[in-house]
Amino acid sequence: MATISKDNPVVTLINVFTVEPQYQQQVVDLLVEATETVMKYVPGYVSANIHKSLDGVRVVNYAQWESREAYQAIFNDPNVKVHMDKILKVATPDYHLYEVMFND
């Protein structure tokens, strides 16, 4: 479960996928599938939360990893690539790592 706190020593991935409205639910489903079958078994995984925008053109993955290195290691996992390739056929990602600076 995600814990948003500046005292929680994790890195946060915020990935905003841009999609055509007809693909929004497909991207949500693919991200959930990837999380349930692959990501949560990768060392360093903490949590993932998938959101879809009400306008139908964005899907956001808010995920936490134990470290920057743990997150970067997913790019060497062929199982991750299989799932991401499916998503990238219908969505454009914009992802960055963050640290919490303030929470209330």
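Along the sequence shown, residues are numbered consecutively beginning with 1.
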Residues which pass ring-ring contact (aromatic ring centres under 6.0 Å, His included) with Tyr62, listed by chain and number, not counting sequence neighbours: none
Partners meeting ring-ring contact (aromatic ring centres under 6.0 Å, His included) with Phe102 (sequence neighbours left out): none
Closest approach of [X] and [Y], non-hydrogen atoms and distance?
X     : Y     : result
Trp65 : Val46 : C-CG2, 3.8 Å
Tyr71 : Tyr95 : OH-CD1, 3.4 Å
Phe17 : Pro93 : CE2-CB, 3.7 Å
Gly44 : Ala70 : CA-CB, 3.8 Å

The single option from Gln25, Gln26, Glu20 passing side chain to side chain contact (heavy atoms under 4.5 Å, CB included) against Gln22: Glu20
Identified side chain to side chain contact (heavy atoms under 4.5 Å, CB included) partner of Ile50 from the options Leu30, Val60, Leu31, Val27: Leu31
Joint cluster assignment, Leu97 & Val16, ILVMFWY side-chain distance < 4.5 Å: no
same_hphob_cluster(Val42, Val32) at 4.5 Å side-chain heavy-atom cutoff: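 Result: yes, single cluster for both.
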From [atom1] ([X]) to [atom2] ([Y]), nearest 0.5 Å:
X     : Y     : atom1 : atom2 : answer
Tyr45 : Met39 : OH    : CE    : 9.0 Å
Asn61 : Asn49 : CG    : CG    : 8.0 Å
Lys86 : Leu88 : NZ    : CG    : 12.5 Å

Within 6.0 Å of CD in Glu99, more than 12 heavy atoms from elsewhere: no
Lys89 and Asp85 ion-paired at < 4.0 Å: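 Looking at Lys89 and Asp85, the cut-off is not met.
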Thr37/His83 under side chain to side chain contact (heavy atoms under 4.5 Å, CB included): CA gap, chis, key distance, verdict: CA-CA 10 Å; Thr37 62; His83 286 280; 3.5 Å; yes
Test log, rule side chain to side chain contact (heavy atoms under 4.5 Å, CB included), inputs His51 and Val59: CA-CA 6 Å; His51 307 261; Val59 176; over 6 Å; no
Any donor-acceptor N/O pair, Gln24 side chain to Val19 backbone, under 3.5 Å: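 The answer is no, because no donor-acceptor pair under 3.5 Å joins these two groups.
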Side-chain donor/acceptor of Tyr98 to backbone N/O of Met101, under 3.5 Å: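 Looks like no, no N/O pair under 3.5 Å.
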Would you give me the side-chain donor-acceptor pairs under 3.5 Å for residues 2-15, sequence neighbours excluded?
from  : atom 1 : to    : atom 2 : distance (Å)
Ser5  : OG     : Asp7  : N      : 3.1
Asn8  : ND2    : Thr3  : O      : 3.0
Asn15 : OD1    : Asp94 : N      : 3.3

